[in-house]
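Beneath this line is the structure, given in structure tokens, with notes to follow.
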There are 2 protein chains.
Amino acid sequence: MDSIEPKRTLVEQVYDILLDAICSGELCPGERLNQDEIATRLNVSRQPVNSAISILKANNFVRDTGRRGVVVTEVDMEQYSSIYEFRSVVEPFATRLAADRIGDDAGPEAQAILREGRAAIKARDIKRLLAADVRFHETIYRWSGNHVIEASMRANWPHMLRSMAEVLRDPASAQQSWDDHQLIMDALLTGNADAASTAMERHIGLAMEKTRKVLTPNGKEPVLHGAFSRGK
Amino acid sequence: MDSIEPKRTLVEQVYDILLDAICSGELCPGERLNQDEIATRLNVSRQPVNSAISILKANNFVRDTGRRGVVVTEVDMEQYSSIYEFRSVVEPFATRLAADRIGDDAGPEAQAILREGRAAIKARDIKRLLAADVRFHETIYRWSGNHVIEASMRANWPHMLRSMAEVLRDPASAQQSWDDHQLIMDALLTGNADAASTAMERHIGLAMEKTRKVLTPNGKEPVLHGAFSRGK
DNA sequence: ATTCGGTATTTCGTATACGAAATTCTTATT
DNA sequence: AATAAGAATTTCGTATACGAAATACCGAAT
């Protein structure tokens, strides 16, 4: 559907790989990125790695330390709060727009998304569940017809993924989440903008609350289970 | 106020220069960026230029053409609509948050901002007026205490600047705009969240309408007066 | 004159090279 | 043994080099 782009440069590929590593927790918050090591591991020169890190830095996924190199940006509870606060307004708005602008052919896609989400729950596959969650929300952004919403949220998803894995460890939360998704889709497909928007608002509110609970079990700073495997 | 960052790399400096050139219209939409030429002009090697362009590409300020190099991304009316649609929700929300979280010491800063805006109108200095406008809105983002709002909007301002210069050419529009700003600040300083938010919503709505009128004088695609000077 | 084919040139992406700053290691001194 | 100075090493930012792809140029054939 999009225009062809047969050439992905090494810079872009390295960027995607590093961002994915950050999101998945393979690279932990605070951990330093070593250009030589990354270059060697990926079998490229340091040049594209350096460029990719520049982009990560511009987008706040890594930060300068003052010393040598950059480290993965720590995400504190305040940032999670900000993201959810932001989503609590943007997501219902996107949903409202989507209800107005959705095409007649959206039914099958909605069904496929919901089916995949439930399948991921059944399979107890967190990665798959995360992907399904992202797909659900990004589809609504697309239906909203507003590319700026899509772009703005894209900047936040990587951060959110870091916390969502924690929340979705609890099967009940995952189930609740996809019940919400079902409700939202139903309202969208019947063109009920108010109901869809309200359901989305509630959904984000619940997610925010669960995130807060999971990440601050004793009122402390967030704890992220970043299992970080580094093969020789 | 921010943490010290004594080292700005060449990549970051080049990025800022190029972004500014794009925003100011010195580099026109559709125009190609020549790495060698930019490097020569800025007295740096092609390497930091190449990296800076990678960042610009990731942030959608330039795009690949399929042929050689990148061009400045064209901004069509649909994108302007999307931005203003987005702002119509985010700005009132930021204003509401700001009303709740604003400090007691905000008065002098508000006065300074409003004074500077009126001074820029009097001086008929468009660049100065744009800077004042950005400062007004960014201050509210800051007061909102939500860094995600700030970051999301930062991605959109460069695009908006391209159109705002056109709108603010009309002194009446500029005057109207700063009357709005005054109203919003007054409501904020008296802690009237509803009034501030409503005033902001109206302000964005008016700006959107004016932008549409200025950019599509005869229902066509937007016309940007990019005077682009290229000295030897 | 126009068009086609081939050669020269431009220009990009990536690799490699190099100097500087920071870190680590070593060793001498107390 | 602890510490401080300085040498060795790491590692980054940036410059330069190089190959490949795209573009421009140019002459021959129609």
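Taking atom CG of residue Leu42(A) and atom P of nucleotide dT14(C), one finds them 13 Å apart after rounding to whole Å. Between the C1' atom of dC12(C) and the CD atom of Gln47(B) lies a distance of 13 Å, rounded to the nearest Å. Atom pair Asn34(B):CG and dA22(D):P shows a separation of 17 Å (rounding to whole Å applied). In this structure, Gln13(B) places its CD atom 13 Å from P of dG13(D), rounding to the nearest Å. In this structure, the CG atom of Leu10(A) is 11 Å from the P atom of dG13(C), given to the nearest Å. Straight-line distance from the CZ atom of Arg46(A) to the P atom of dG13(C): 19 Å, rounded to whole Å. Rounded to whole Å, atom C1' of dT14(C) lies 14 Å from atom CD of Glu12(A). Atom CD1 in Ile38(A) sits roughly 17 Å away from atom C1' in dA15(C) (whole-Å rounding).
Side chain of Ser45(B), nearest nucleotide from dG13(C), dG13(D), dT14(D): dT14(D).
Evaluated for a salt bridge (Lys or Arg N to Asp or Glu O under 4.0 Å) with Glu109(A), the options Arg142(A), Arg115(A), Arg135(A) yield exactly one hit, Arg142(A).
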Apply side-chain contact (heavy atoms from CB on, under 4.5 Å) to Met153(A) and Arg87(A), showing your working.
CA-CA 8 Å; Met153(A) 291 308 303; Arg87(A) 290 185 72 193; 3.6 Å; yes

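Side-chain contact annotation: His147(A) with Gln79(B), donor-acceptor N/O pair under 3.5 Å absent.
Between the OG atom of Ser88(B) and the CE atom of Met200(B) there is a distance of 12.0 Å, given to the nearest 0.5 Å. For the atom pair Asn156(B) CG and Ser152(A) OG, the distance stands at 5.5 Å (nearest 0.5 Å). Taking CE of Met164(B) as the reference point, atom OG of Ser173(B) lies at 11.0 Å (rounded to 0.5 Å).
Applying the salt bridge (Lys or Arg N to Asp or Glu O under 4.0 Å) rule to pairs touching residues 57-70 of chain A yields Lys57(A)-Asp64(A), Lys57(A)-Glu12(B), Arg63(A)-Glu74(A), sequence neighbours excluded.
Contacts with DNA chain C (heavy atom under 4.0 Å) in residues 62-74 of chain A: Arg67(A), Arg68(A), listed by number.
At a threshold of 4.0 angstrom between heavy atoms, the contacts of Gln35(A) are confined to the sugar-phosphate backbone, with no base atom among them. Using a 4.0 Å heavy-atom criterion, one finds that Leu33(A) contacts the sugar-phosphate atoms exclusively. Among the protein residues, Asn50(B) comes within range of the nucleic acid bases, having at least one heavy atom under 4.0 Å from a base atom.
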